[in-house]
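Order of the sequence lines sets the chain letters (A, B, ...), proteins ahead of strands, with each chain counted from 1.
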There are 2 protein chains.
Amino acid sequence: MERRRGDELLESLFDATFQLMKETPHTNLTFQQIAEAAKTSRTVLYRRWPTTFDLLQDIYTYKARKLFEGEYFDELKDTGSLRGDFIQLLTVYQGVYDEIGADVMNNYFYIRMQDPDHSRETALHTASLEKHQQAIAHILKNAKARGEKIKKLSKVTLMLPFDLIRMENMARQANISKKRLIAMVDEVLLPVFS
Amino acid sequence: MERRRGDELLESLFDATFQLMKETPHTNLTFQQIAEAAKTSRTVLYRRWPTTFDLLQDIYTYKARKLFEGEYFDELKDTGSLRGDFIQLLTVYQGVYDEIGADVMNNYFYIRMQDPDHSRETALHTASLEKHQQAIAHILKNAKARGEKIKKLSKVTLMLPFDLIRMENMARQANISKKRLIAMVDEVLLPVFS
DNA sequence: TAAATAAGATACAAAATGCACCTTATGAGC
DNA sequence: GCTCATAAGGTGCATTTTGTATCTTATTTA
């Protein structure tokens, strides 16, 4: 009989758990069910995680890692205007949310907050923070080079484009329209940044 | 032997559960433990909720109700300037977060998203949304009466002050300083609204 | 090819679940 | 006051889940 090992096994454990969560709210997950769904024995699970909560932490950091390590921001082109660049940025970032699902992102924040010393993913988180900061810095640099006036803002405020998308996806569940993205740029981002 | 009934009982069930959650991540809560902590029998719990998840939904909507039905916005005075009004608004709203805890708010959003048809608290949610909209409308009306110029913005954008506070509390766990609140007003809200 | 490693199976006591059924305190009605 | 309906609290039981220990076996690596 074939045996899955290492990452291959890990991924199918994650997949099975994820599959189960679509049916049951994950507060009620059991190792028994997961083992069954993943066609393995509980032993394999207990060896890795003391509780289902720990498993979930790993699932979401895994999903988040795949997300954060993506080259999404590398696709960003110079559209010729700050406005165009912002629209492109929001569109790409919203695309990430559409792809991975708002609930995963939501869960990531949730799990993060539950973890007293969110020890396991600080490195990941700071790395992703840096990527986000760089994306903004790049856009603003281009704008300045073009001669567009850019305000000096505090570091936290620079994250506003991402915060807007996040909030929109967390608080309001309706699909985010292109129109809304453009409104974010025209009503919020441009007045704030330029 | 004395028996707690109705709301009194309900509240002490909530309290006991809440107490337990400080020790255990709530993914691992059991009815057994809760019943023990609340000094009652499991029967009482099963009569009310099929799973711990359902209990949690009720807890957070209860907590949220106490929050949303509060008269926080009624305290808002006319400070004489839009800037002052915004600072006051953010301070009051941040105070709410400090009081009730960012994790409760986080959980509220979380539970809300898990619930496919968040059926139980839609009324509550729209009521609170209205309160928020009114608070903003009031501030803007005063500003206009004073002769300050106010931009015409889409309905969703009007929620920006609250979105900022929410995001700040969800994504970044450090305590929000007065300085940061003022920066939000000067760097974001004033450029957007006026 | 042998040894090390990790997956998977089995067993078992303890805890938790989900019900059914029973007892009893308490508030509402007369 | 007294009675009765209601809801709280208790008990018992079959089933599921947990946590752990122990053993077998597939697969990697040296």
Using a cut-off of under 3.5 Å, enumerate the N/O to N/O pairs linking the protein to nucleotides 2-4 of chain C.
none

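- Side-chain nitrogen and oxygen atoms of A:Thr40 include at least one within less than 4.0 Å of the OP1 or OP2 phosphate oxygen of C:dG8.
- Using a cutoff of 4.0 Å between basic side-chain nitrogens and carboxylate oxygens, A:Arg146 and A:Asp85 are scored as salt-bridged.
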* Pair A:Tyr97-A:Asn169, side-chain hydrogen bond (donor to acceptor under 3.5 Å, both in side chains): steps then yes or no -> CA-CA 8 Å; A:Tyr97 264 89; A:Asn169 281 280; 5.7 Å; no

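- Of the candidates B:Leu9, B:Asp58, B:Leu55, B:Leu9 is the only one forming a side chain to side chain contact (heavy atoms under 4.5 Å, CB included) with B:Arg48.
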Quick test: give all pairs of protein nitrogen or oxygen and nucleotides 18-20 of chain D nitrogen or oxygen below 3.5 Å, distance rounded to 0.1 Å.
| residue | atom | partner | partner atom | Å |
| --- | --- | --- | --- | --- |
| D:dT18 | OP1 | A:Phe31 | N | 3.4 |
| D:dT18 | OP2 | A:Phe31 | N | 3.0 |
| D:dT18 | OP2 | A:Gln32 | N | 3.1 |
| D:dG19 | N7 | A:Arg42 | NH1 | 2.9 |
| D:dG19 | O6 | A:Arg42 | NH2 | 3.0 |

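- When the P atom of D:dT27 is taken as reference, atom CG of A:Leu9 falls 13 Å away, rounded to whole Å.
- If you measure from atom CH2 of B:Trp49 to atom P of C:dG18, you get 15 Å, rounded to the nearest angstrom.
- Atom CD of A:Glu2 is separated from atom C1' of D:dT25 by 15 Å (rounded to the nearest Å).
- B:Asp7 has its CG atom 15 Å from the C1' atom of C:dG27, to the nearest Å.
- Using modelled atom types and a 3.5 Å distance limit, the side chains of B:Ser154 and A:Glu187 yield a donor-acceptor pair.
- Atom CZ in A:Arg3 sits roughly 9 Å away from atom P in C:dA7 (whole-Å rounding).
- For D:dT28, the base has no donor-acceptor partner in the side chain of A:Arg5 [N/O atoms by modelled type, under 3.5 angstrom].
- One interatomic measurement links the two molecules: CD of A:Glu36 to P of D:dT17, which rounds to 8 Å at whole-angstrom precision.
- Rounded to an integer number of Å, the gap from B:Leu10 CG to D:dA7 C1' is 13 Å.
- In this structure, A:Phe73 has its ring center closer than 6.0 angstrom to the ring center of A:His132.
- Considering only side-chain N and O atoms, B:Arg48 lies under 4.0 angstrom from the phosphate OP1 or OP2 of D:dA8.
- What separates CG of B:Asn28 from C1' of D:dT17 is a distance of 13 Å, to the nearest Å.
- Checked against the 6.0 Å centroid threshold, B:Tyr93 and B:Tyr72 do not count as a close aromatic pair.
- Of the possible polar contacts, none joining the B:Gln94 side chain to the B:Leu181 backbone as a donor-acceptor pair under 3.5 Å is found.
- Between the base of D:dA7 and the side chain of B:Arg47 there is no donor-acceptor pair shorter than 3.5 Å.
- Seen from the ring of B:Phe193, B:Lys149 does not count as a face-on cation partner, given the 6.0 Å and 45° thresholds.
- Aromatic ring orientation, A:His125 versus A:Tyr108: parallel (interplanar angle below 30°, classes split at 30° and 60°).
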